[in-house]
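These notes are about the structure you will find just below.
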Protein chains: 2
Amino acid sequence: MKKLKRVTIYDIAEKLNLNPSSVSRALNNGSNVSLSTRELILKTAEEMNYKVNSIAANLRTGHNQTIGVIVPRINQNFFANVIAGIEEVTYEKGYNLVICQSNESADREIKCVNTLANQHVSCIIISVSADFEDYAHLENIRKQGISLIQFDRVADELDTMKVVNDNEKVSMEAVCHMISEGYQRIALLEGPQNLSIFRQRKAGYLAALKKYKLPVIPELIMENAWTTELGAAATKHLLALAEPPDAIFASTSDFSALGVLEVADELGIQVPQQLGICGYSNESFTQITNPSITTIEQNSVLMGKTIAQLYFDELESGTSVAQNKLVNIQPELIIRNSTLKLSR
Amino acid sequence: MKKLKRVTIYDIAEKLNLNPSSVSRALNNGSNVSLSTRELILKTAEEMNYKVNSIAANLRTGHNQTIGVIVPRINQNFFANVIAGIEEVTYEKGYNLVICQSNESADREIKCVNTLANQHVSCIIISVSADFEDYAHLENIRKQGISLIQFDRVADELDTMKVVNDNEKVSMEAVCHMISEGYQRIALLEGPQNLSIFRQRKAGYLAALKKYKLPVIPELIMENAWTTELGAAATKHLLALAEPPDAIFASTSDFSALGVLEVADELGIQVPQQLGICGYSNESFTQITNPSITTIEQNSVLMGKTIAQLYFDELESGTSVAQNKLVNIQPELIIRNSTLKLSR
DNA sequence: TTGTATGCGTTATCAA
DNA sequence: TTGATAACGCATACAA
């Protein structure tokens with residue numbers, strides 16, 4: 001169908017009775033070519049509507065100004081923000097971004113990694129899927145000379161650059177805040193423990209209890225309350241206990257915190273007076289619920305910028321600096337009404 | 001730094017005392033190669049950890065299984081959803097997605113178009129930037145044999161495939177709904193009128209007034225109320241009028257509708273009894289505000305899928321079918337409490 | 001400053 | 001069924 005013949009440096013050379021190599025030189029660095037011919041070449045290239053064929057150039061030079069990004073879902077606030085941050089930096093550097101969704105599926109993640117490897121991208125930035133045990137596909141990447149940067153959900157055992165939130169510290173801060181507001185029996189909605197981010201959030205929760213010498217009560221720790229619905233279900237269960245919690249830290253997400261709030265409303269339980277709630281991620285809706293929800297801002301755009309910057313730093317430093325390097329992006333506790341028991 | 005020599009079909013051929021072309025055949029379609037040697041080749045390729053070099057393959061075949069996407073911002077709900085939809089389809093087809101942000105800047109949009117053109121992507125999917133008058137950069141694309149699909153914010157004058165919401169129809173529906181709930185003086189928060197989506201929404205508003213023979217009152221039509229803050233400012237102005245509106249259609253976004261709601265709260269104005277509010281986009285927060293906000297669901301993921309499907313349809317039909325083709329994705333009016341004057 | 005020649009890794013055409 | 005070879009468009013080392 002589309003057999004349009006594109007303009008090449010050959011065509012330009014022919015038209016000007018020059019050599020393709022001169023055209024190439026003029027178009028690129030401009031070195032070793034007289035000013036007059038250079039201008040002539042540039043002008044004719046423009047006139048003939050010439051566009052470089054980056055594919056050919058990449059094949060020749062062996063490197064590809066492209067970075068691959070693999071995330072579970074593109075249309076999730078946090079990931080969309082990280083990608084936007086990455087893009088901001090890569091754009092400045094003239095790099096392109098190839099985006100893939102793993103859809104939380106191991107199979108798909110492997111396929112994504114492979115296509116990116118085939119494309120010979122110079123770097124793969126990835127937040128791993130939830131259901132993973134074996135990271136051979138990622139080990140393999142490095143053998144092919146492709147940089148690898150993990151973020152957010154990282155596989156600790158892999159020796160790569162990592163950019164993460166300091167989940168533990170901020171989680172501890174959040175729970176300490178709740179304790180200092182007078183909450184005594186704080187429940188935890190936790191995420192899949194094979195992901196380090198959720199292990200860290202739990203660790204922060206435990207550290208806070210320890211600091212204040214509060215007992216760890218296993219029945220107050222609920223697994224896998226990701227969504228609004230699961231958060232609601234967990235809350236119903238918790239509030240039906242003989243000794244129900246007086247606060248809930250929804251460490252999985254603001255969506256599950258929303259589920260908590262909805263159930264509290266349903267049961268006529270006063271928030272924050274009878275039940276404190278803290279979420280995670282600072283979704284836009286947390287500031288307009290009633291009461292507004294205390295949560296954690298992950299600084300996701302900044303995280304994206306940092307990730308990209310890390311790659312270019314490594315690249316420009318010339319040598320494979322610190323393969324195993326951990327960068328912490330400091331998240332912030334955003335205190336809102338849902339945990340302000342004292343002040344109300 | 002990274003001078004890893006990658007395994008090529010040459011290496012495989014050498015090892016097996018075969019010819020590179022046989023290896024290529026075995027690896028690709030498998031035609032014209034005996035089963036035994038084919039299996040041998042596949043096995044050794046696996047063992048040697050061979051990965052195709054898609055760059056070389058693309059250069060040779062002349063086509064690139066890559067689609068470029070340009071949006072104003074990646075981290076905006078609507079666009080993130082459209083991209084997710086596109087990705088779902090392109091992934092199935094084995095195509096890659098290169099993503100760029102124009103950041104609402106004309107300059108940047110042109111640069112994005114150019115890099116994608118240089119990469120010889122087979123298709124560019126774009127939602128144009130707000131501040132545009134001249135579309136030469138897009139005209140140019142087609143001259144290079146690259147398909148062009150516009151979505152959402154489209155340049156009418158360009159003869160391309162377009163996928164849009166039926167903004168006018170649903171806007172009319174929304175305003176009719178408000179009128180039938182008893183609102184009489186309905187204000188409009190409108191977006192930049194050089195973008196057709198905003199012209200259409202306004203047209204829907206005007207059509208509804210006309211249908212019910214209500215007068216068009218210029219002082220009730222406010223320009224450029226994009227954000228929560230601008231929506232709030234416009235609302236303050238409107239409510240301070242001698243004859244203030246009894247409803248506001250925030251056709252720009254739910255964020256501006258949120259601004260309206262906040263000001264109403266501030267001034268102690270009852271929603272929906274004294275003031276009706278309708279937003280646009282069905283952001284997740286609209287269902288949990290108090291009252292919940294009537295809005296319009298744009299079916300953005302479906303839109304993304306449709307766009308990608310359109311490209312592959314054109315591709316597979318073999319011939320450049322309908323260059324100028326308009327597909328309407330039906331948005332839906334979501335009626336919530338903020339406009340239910342009668343029922344309350 | 002310019003031209004010549006070669007190769008990047010593949011696929012496609014032709015011959016064996 | 002297999003092998004030899006050219007070509008995709010460009011960049012670069014080297015020669016002129």
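Values below: every heavy atom of this structure, side chains too, minus hydrogens, waters and symmetry copies. Reminder, nothing fancy here: chain letters follow the sequence lines and each chain counts from 1.
Rounded to an integer number of Å, the gap from CG of B:Asp11 to P of C:dC8 is 11 Å. In this structure, the CD atom of B:Glu14 is 14 Å from the P atom of D:dG3, given to the nearest Å. The CG-P distance, from B:Leu16 to D:dT2, rounds to 12 Å in whole Å. In this structure, A:Leu40 atom CG and C:dT2 atom P are separated by 10 Å, rounded to whole Å. B:Asn32 places its CG atom 12 Å from the P atom of C:dT13, with the value rounded to the nearest Å.
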task = Apply side-chain contact (heavy atoms from CB on, under 4.5 Å) to B:Phe312 and B:Ile67, showing your working.
result = CA-CA 11 Å; B:Phe312 290 110; B:Ile67 291 177; 4.2 Å; yes
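For the side-chain hydrogen bond (donor to acceptor under 3.5 Å, both in side chains) criterion with B:Lys93, the lone passing option out of B:Glu316, B:Gln65, B:Gln309 is B:Glu316.
Side-chain atoms of A:Asp11 come within 3.5 Å of backbone N or O of A:Thr8 as a donor-acceptor pair.
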key: Base-contact (B) and sugar-phosphate-only (S) positions in nucleotides 8-16 of chain D, heavy-atom cut-off under 4.0 Å, - elsewhere   = BBBBBB---
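Of the side-chain N and O atoms in B:Thr37, none sit less than 4.0 angstrom from OP1 or OP2 of D:dT1.
For the 3.5 Å distance criterion, the side chains of B:Asp107 and B:Ser105 fail to qualify, holding no donor opposite an acceptor.
For the pair A:Arg108 and B:Tyr91, the distance from NZ or CZ to the six-membered ring centre is under 6.0 Å and the angle to the ring normal is within 45 degrees.
Here the CG atom belonging to B:Leu138 is positioned 11.5 Å from the NZ atom belonging to B:Lys143, to the nearest 0.5 angstrom.
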